[in-house]
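From a predicted model like this one, the values you see are computed outputs, not experimental measurements. Side chains included, hydrogens not; waters and symmetry mates left out as well; all remaining heavy atoms used. Convention: sequence-line order gives letters A, B, ...; per-chain numbering from 1.
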Amino acid sequence: MVDVDRLLLAIDTSTEQAGLALYDGAWLSELSWSAGRSQTASLLGQLDHLLRINRVTARQLRAIAVTLGPGSFNGLRVGMSVGKGLSYGLGIPLVGIVTLDALAYPHTARRHPIRAFVPAGRGRVVYADYHLRSGQWVRDSLLRTVRAEQLADGLTETMVFAGVLGAELAERLKGQPKVLLPPPSWRLLRPGWVAELALQRWQSGAVDRLETLEPIYVHLGTTEVVAPVELPESR
Amino acid sequence: MIILGIETSCDETSAAVVRDGRWVLSNVIRSQVDLHERYGGIVPELASRRHVTTIIPTIDLAIEQAGVSPSALDAIAVTEGPGLAGSLLVGVNIAKTLAYVWEKPLIPVNHLEGHIYANWLTLPGEPEVEPPIFPLVCLIVSGGHTELVLMRDHGDYGLLGRTLDDAAGEAFDKGARLLGLGFPGGPAIQRAAEHGRPGRFALPRAWLGDSYDFSFSGLKTALLRLVEHYRRPAQTNRRSTSRKPFPEYEPPVYAPTMPVADLAAEYQEAIVEVLVEKTARAARDFRAAMVLLAGGVAANALLRRRLQEAVHVPVRYPPPILCTDNAAMIAGAAYYLYQRGVTAGLELDVQAQLPLVTRTLIRT
Ligand SMILES: [Zn+2]
């Protein structure tokens, strides 16, 4: 049974693979599809579909989560606009989650440092590193851009790689020392992970403001500084 | 019928509530001029970003100022195009979401159609505006468009002519940038031209035979050649811009002897003369009962005066606040679209290149 007192909807349009999840802390329903660049055309229809097949209405939602990026600028704006529209229209809180945090989150249980990344266009990726420090998972404050094939250059410690890769590059990384490459199903951003992180943030009272919340825009060849964050361990 | 309109096609974030396509209950416009000034023009990526943060407070204020509750709204209207894709999608996604959760019809509006319908609107506390009379000729002039339209009835448009290159407002912006006058260019050139004498320098007019089309790029090039004589090497204070995603505008440096006022006056004259001549000819050719002006450049005083001198039927233009991009005109046009059964579903997408005549009768 759905717990309608804590029903949260998570939205992710950071990349061309879009995702939605309904989550109440125990029960989870997910939808993930290849939206390409037409997230605007498909997102609300898929949301309506997800609600219908679970026999839930929009008015039963209690909180909205949206990924903040990094990712495609226009893609992020689509999710953010729909997220804000739902939050405002239904009068319920909105929680922003850094896309890389959701990618790293499922791998925290392995207790190896994590490098999470999303495509940034023109063969580049944006990545951030996660370390376990004094029993607490912490994300670096720096989001860096690098050519995808240089993602594992100069590693000084063994890291788990989390993010979507082309088949050829994945094969090459697999052979490299200090690289732990989970199978594709664990490297694709599952909307359920966004929902899990968001539910924890929401229940702890962390809510974002509609008039200030915006995506994280990382330009190619630059480094973006975002506040470091402590990540719960996925156990 | 009470409609909430949302407009984010370019650099203004706007939301408005309008009754029956004629009565403006609220019209909130958040201008981004402060943001784009230092770049000397609109930076599309930055415009989209600003919409993301301002859109909800703008909608909230529009609903509050109108004194209605969301449940009192009969429909939600939004600009689907033409415009900047990244900016349009903010408004379209918010509008679709609100229509979905509030269970209201969604009405997609062409931005150009919105500009025309600004002429049907009465602002709060102002005397009633009589609806325009068909057939009419409307000149839509702004930073993004220059279109001459024949309108025989609601939704019945014929596109008589359009710009082949720069829009009239864009020509003003580019001219102002060349003259070092700042942004936006229309008001800047109008101000500079006040003390100038047109005709002292000759700038070309592109007549393009007897077509109703316009072209302004040659004018800009001719101005460039004139100001080149006065150009001084810039005292470069250019910091390394290699890491800056959006380079800032550095105004050109000219000799103090450059006759800025005379150049601005002739430049404005050249733009206005072609606009007026073609609009007046269209009004005669199609026996228009009325001539309408619409769009940001409709605020230009010289254009209004010359047009009134040139045609013998009434010339109408909206008050300045309804000439700029605003959501009241979108909610206004939406009323007449809805009367003809135009609505959209959840799959509505943005259309950056949307032409005027799409959901409408085409009879040129
Ligand atoms: Zn406009």
Kindly give the heavy-atom pair with the smallest separation between D349(B) and A41(A), and that separation in Å. OD2-CB, 3.8 Å
Determine the option with the most heavy-atom pairs under 4.5 angstrom with chain B, choosing from L61(A), T57(A), L86(A), D48(A). D48(A)
Report the option among S87(A), G83(A), S81(A) that has the most heavy-atom pairs separated by less than 4.5 Å from atoms of chain B. S81(A)
Winner by heavy-atom pair count (cut-off under 4.5 Å) against chain A, out of I59(B), V92(B), L346(B), T58(B): L346(B)
For I55(B), which atoms come within 4.5 Å of any heavy atom of chain A: side chain, backbone, both, or neither? neither
Would the distance check show the side chain of K96(B) and the main-chain N or O of T40(A) forming a donor-acceptor pair, the cut-off being under 3.5 Å? yes
With a 4.0 Å cut-off, would you call E45(B) and R77(A) a salt bridge? yes
Nearest 0.5 Å, please: how far is OH in Y88(A) from CG in D60(B)? 3.5 Å
Considering only heavy atoms, which portion of I63(B) lies under 4.5 Å from any heavy atom of chain A: side chain, backbone, both, or neither? side chain
With a sphere of 6.0 Å drawn around CD of Q150(A), does it hold more than 12 non-hydrogen atoms of other residues, nucleotides or ligands? yes
Residue S42(A) versus chain B: region with a heavy atom under 4.5 Å: neither
Step through the shown structure and confirm whether more than 12 heavy atoms of other residues, nucleotides or ligands are within 6.0 Å of CZ on R62(A). yes
Say you draw a straight line from OH of Y100(B) to CG of L51(A); how long is it, rounded to the nearest 0.5 Å? 4.5 Å
Can you say whether V90(B) sits under 4.5 Å from chain A via the side chain, the backbone, both, or neither, judging by heavy atoms? both
In Å, rounded to the nearest 0.5 Å, how long is the span from OG of S87(B) to CG of N74(A)? 9.0 Å
With a 4.5 angstrom heavy-atom cut-off, could you sort out which part of P57(B) is near chain A: side chain, backbone, both or neither? side chain
Side chain proximity check, E103(B) to R59(A), heavy atoms < 4.5 angstrom: yes
Rounding to 0.5 Å, atoms CD1 (I56(B)) and OG1 (T212(A)) come to a distance of 12.0 Å
Heavy-atom pair of closest approach, residues V101(B) and A58(A): CG1-CB, 4.1 Å
Starting at CG of N93(B), measure out to CG of L43(A) and round the result to the nearest 0.5 Å. 7.0 Å
Quick one, K84(A) and I94(B) - any side-chain contact, counting heavy atoms below 4.5 Å? yes
Measuring heavy-atom distances to chain B, does L213(A) have an atom under 4.5 Å in its side chain, in its backbone, in both, or in neither? backbone
Considering only heavy atoms from C-beta outward, does the side chain of L89(B) approach that of Q39(A) to under 4.5 Å? no
